Amino acid sequence: MVNFEMFGSSMACMLLVSSSAPYVAGAADHTDTETVPLPTVLSPQTVVELFFQTAARKLIVSQVSSQRWTQLVSNVVVLLAQLLWPSNPGFQFPECLMANCQYTQLQEYVRLTGPWCQVNIGSCRFMLGQCYLANGEGQKALQCFQEAATEVEKEEFLLKLTGSEEEEQEEASTPRLQYYNKVLRLLEDVGLPELVIQLASLAITEACSDAHSQAALWTRVFKHQLDLGHNREAYEALTQNPDGSMQLDCLRQLVVVLCERSQLQDLVQFSYVNLHDEVVGIIESRARGLDLLAHNYYELLYAFHINRHNYRKAGTVMFEFGMRLGREVRTQLGLQKQVNCYLAALNCLRLIRPEYAWIVQPTSGAVYERPGASPKRNSDGDFSSEPVRRQVDILELKDLEKEYILSRSRLTLAQHHPPSAAIAGSASAVEMVALLVQSGLFDSALSVCLTFSLNLTSVFEGLTFKCIKLQFGGEESQNEAWSWLAANQRSSVVNTKESSATDEAWQLLASYLDRYPSTNGQHHRWVINKLLSHGVPLPDWLVKSYKEVDAASLLRLYLNFDLLDAAAELVVEYVDALLGRGPQYFGLERPLSATSSSSWLPYTSIDQLLQTLSEAQSNSSIYLQVRDKLEDYHKLVEQTTNRRLVSR
């Protein structure tokens with residue numbers, strides 16, 4: 001039996017608590033399905049009525065259902081008083097108040113019972129902490145939760161609380177750690193990450209012998225520090241995590257979140273002790289798996305290596321970025337980024353000593369001959385006799401310079417003719433020369449040819465053909481020509497009068513012939529052959545220029561196109577030069593004499609000319625002129641020979 005003197009004091013306490021505020025509307029009422037021989041309270045007005053209707057009634061009914069009616073009322077009162085008694089280990093009454101959101105009454109209950117009741121001290125502190133949370137007083141709540149932690153293993157309510165979820169039992173090995181996990185979840189639910197970090201840090205000090213619990217707590221601290229934008233603190237929590245897999249997960253999350261926030265400086269400047277390779281692997285995998293223009297993981301990796309003065313790695317990253325842009329982003333923006341990537345890679349290799357200025361590029365398709373083929377077996381299913389070897393290309397500085405020049409020419413073409421961007425991204429050097437010539441970008445075409453040691457034939461022939469079109473075209477072709485003429489930087493020539501597009505094109509061709517001399521004047525020969533094949537008269541400046549280089553070749557071209565008059569005139573002028581009249585016009589240092597160096601005439605071509613002239617009756621005067629001039633030359637040769645013989 002209960003001591004009724006103490007019960008009266010307790011009931012007075014309960015009445016104070018009960019009368020402090022009515023039942024909160026909307027709280028979850030518990031309806032019991034058992035029939036009770038007592039009148040049901042339909043609308044409770046005090047917390048005692050609420051407790052009886054929701055929790056105590058079921059407990060009482062289970063104990064008095066077998067008793068007679070005469071004992072029922074007194075026993076119900078006694079049992080209710082026992083459940084309400086603050087020293088009851090079961091702690092059902094405060095639980096009921098908390099479940100029905102009676103925070104004010106619960107705080108009053110703890111205030112009244114705290115000075116004298118020594119039972120469920122920790123449970124009361126926990127309940128008071130939840131009341132503070134409901135009222136928005138987080139720091140007070142945290143203080144109460146910390147005070148309750150010391151009583152976890154002593155009180156039935158707290159033990160039941162820590163063992164209520166299987167996940168928490170798996171995460172923590174001791175009741176104290178299970179309790180911390182419970183409170184941490186509670187703080188997370190109400191959105192108080194700062195308090196979560198404080199409590200988790202306290203729990204870590206008590207989990208020094210439990211690596212699994214420490215890893216889970218450090219992961220929690222990392223998550224909330226990162227959410228709060230405390231990047232340095234999040235990184236430090238990551239490095240303290242003893243579990244390798246959790247540490248790697250946190251590292252991956254750190255990289256992704258900081259990239260999304262564009263806080264790349266923090267990400268690059270962290271030291272990553274013993275995690276350098278993992279960071280590089282994470283960034284590389286994301287760079288290769290995501291859209292190139294929507295994310296900047298390649299730039300991030302480049303900055304990461306530059307910050308650590310690993311210039312070769314930085315150059316390799318940017319070269320790979322540029323290669324992928326050429327294959328996957330066939331737009332002008334993609335070509336612009338490709339040029340920047342190759343230029344960055346070049347700068348990186350130039351910062352390295354020449355003997356180390358190289359990078360490794362895997363060769364596409366070098367691993368297997370067939371897509372999806374087994375690396376161990378052949379097509380018949382038998383084991384391969386030779387091991388599969390991965391081929392690699394070593395790219396030096398000169399190779400990167402070639403790729404840079406090629407990418408720059410692609411960009412120039414796309415800027416001049418935007419539809420070409422779709423095909424320029426993967427065009428080879430030879431294909432690019434053809435595309436550039438077709439668009440009139442001869443400077444870029446020459447740059448590509450010189451870089452890749454290609455023949456300049458297509459450039460000179462292409463420019464010559466454009467000159468022909470301009471010379472015989474109308475005003476429309478003249479207007480169109482200014483766009484591609486402006487794209488070629490001709491050597492600075494000051495004209496005293498306004499020139500036409502045709503004049504500018506011929507001057508551009510002349511400047512190229514001067515700037516890019518060739519053996520035996522083959523560039524001149526290509527140009528003249530192109531002009532003569534289209535029936536275009538040769539400009540005087542071109543004939544004069546070629547006579548100085550190779551007069552014999554010019555004579556053969558005249559004969560090939562049946563230009564007998566021009567051929568005869570050339571022979572006469574050449575013989576005159578040998579005789580001392582204008583030798584400088586044919587590149588001769590001195591005319592023919594006993595003391596000069598040997599000179600020669602293209603007799604085969606001259607004989608062919610004389611034979612043709614002799615057969616054509618209309619050219620008899622020209623034939624005689626050439627023959628007489630040759631006789632003069634032969635006389636001089638005979639005289640010169642005799643003088644040399646005498647001098648010997």
Side-chain angles (χ1 to χ4, degrees), residues 398-399 401-413 416 424 427-471 481-495 499 501-534 536-558 584-588:
K398 59 181 181 181
D399 300 312
E401 288 173 346
K402 289 182 178 180
E403 292 298 329
Y404 169 67
I405 294 296
L406 188 59
S407 65
R408 194 176 64 184
S409 67
R410 290 168 179 158
L411 177 62
T412 303
L413 177 62
H416 183 75
S428 64
V430 176
E431 294 168 339
M432 277 305 304
V433 171
L435 292 171
L436 291 167
V437 168
Q438 184 179 358
S439 298
L441 303 174
F442 297 103
D443 277 356
S444 298
L446 284 168
S447 178
V448 173
C449 288
L450 296 174
T451 302
F452 289 85
S453 301
L454 301 177
N455 199 308
L456 303 183
T457 306
S458 59
V459 179
F460 281 101
E461 289 185 347
L463 179 53
T464 303
F465 184 69
K466 283 191 175 291
C467 291
I468 296 171
K469 290 179 63 178
L470 283 174
Q471 185 159 333
W482 286 113
S483 62
W484 63 263
L485 283 170
N488 298 285
Q489 298 296 324
R490 190 170 60 84
S491 57
S492 57
V493 176
V494 179
N495 295 323
S499 60
T502 305
D503 295 334
E504 288 291 330
W506 284 114
Q507 291 178 16
L508 181 64
L509 178 59
S511 68
Y512 283 162
L513 290 171
D514 291 338
R515 285 160 52 190
Y516 304 104
S518 58
T519 306
N520 298 326
Q522 59 181 350
H523 296 165
H524 289 77
R525 185 163 59 252
W526 296 333
V527 172
I528 293 173
N529 187 74
K530 191 74 171 178
L531 291 173
L532 294 179
S533 64
H534 285 80
V536 179
L538 299 182
D540 292 338
W541 63 266
L542 182 58
V543 174
K544 179 182 177 183
S545 175
Y546 198 29
K547 283 194 300 186
E548 295 181 10
V549 178
D550 192 353
S553 180
L554 178 59
L555 177 59
R556 286 190 292 270
L557 285 171
Y558 281 151
Q584 68 275 12
Y585 297 121
F586 287 86
L588 301 175

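Bear in mind that the values here come from a model prediction, so they are computed numbers and not experimental data.
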Gap between atom [atom2] of [Y] and atom [atom1] of [X] - 0.5 Å precision:
{"X": "T502", "Y": "W506", "atom1": "OG1", "atom2": "CH2", "answer": "9.0 Å"}
{"X": "L463", "Y": "K530", "atom1": "CG", "atom2": "NZ", "answer": "11.5 Å"}
{"X": "L542", "Y": "I528", "atom1": "CG", "atom2": "CD1", "answer": "4.0 Å"}
{"X": "L446", "Y": "L454", "atom1": "CG", "atom2": "CG", "answer": "11.0 Å"}
{"X": "N529", "Y": "R556", "atom1": "CG", "atom2": "CZ", "answer": "12.5 Å"}
{"X": "L435", "Y": "S409", "atom1": "CG", "atom2": "OG", "answer": "9.5 Å"}

W482 versus E504, side-chain donor and acceptor atoms under 3.5 Å: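 Looking only at side-chain atoms, W482 and E504 do not form any donor-acceptor pair under 3.5 Å.
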Decide yes or no for [X] and [Y]: does some side-chain heavy atom of the first lie under 4.5 Å from some side-chain heavy atom of the second?
{"X": "Y546", "Y": "L557", "value": "yes"}
{"X": "H416", "Y": "L441", "value": "yes"}
{"X": "Y404", "Y": "T451", "value": "no"}
{"X": "L513", "Y": "S545", "value": "no"}
{"X": "L509", "Y": "F442", "value": "no"}

Closest non-hydrogen atom pair between [X] and [Y], with its separation:
{"X": "S447", "Y": "I405", "value": "OG-CG2, 3.5 Å"}
{"X": "L456", "Y": "C449", "value": "CD2-CB, 3.3 Å"}
{"X": "E548", "Y": "Q584", "value": "CG-O, 4.2 Å"}
{"X": "Q438", "Y": "K466", "value": "O-NZ, 3.7 Å"}
{"X": "H523", "Y": "S518", "value": "N-OG, 3.1 Å"}

Flag, side chain of T464 to backbone of V527, donor-acceptor distance under 3.5 Å: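 No.
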Would a distance-only check, ignoring hydrogens and angles, find a side-chain to backbone donor-acceptor pair under 3.5 Å from E431 to S428?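 Pair found, side chain donor or acceptor close to backbone of S428.
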Going through the checks in order, is the ring-ring contact (aromatic ring centres under 6.0 Å, His included) test met by F465 and H534? CA-CA 9 Å; F465 184 69; H534 285 80; 5.6 Å; yes
Under 30°, 30 to 60°, or over 60°: which ring-plane class applies to F460 and W526, parallel, tilted or perpendicular?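 Tilted, since the angle between the ring planes falls between 30° and 60°.
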Can you check side chain to side chain contact (heavy atoms under 4.5 Å, CB included) on S444 and R408, steps first, answer last? CA-CA 8 Å; S444 298; R408 194 176 64 184; over 6 Å; no
Among V459, D443, L413, find the residue that satisfies the side-chain contact (heavy atoms from CB on, under 4.5 Å) test when tested with L436.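 Running side-chain contact (heavy atoms from CB on, under 4.5 Å) over V459, D443, L413 with L436 returns exactly one hit, L413.
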Evaluate side chain to side chain contact (heavy atoms under 4.5 Å, CB included) for F452 paired with V430, printing each intermediate quantity in order. CA-CA 9 Å; F452 289 85; V430 176; over 6 Å; no
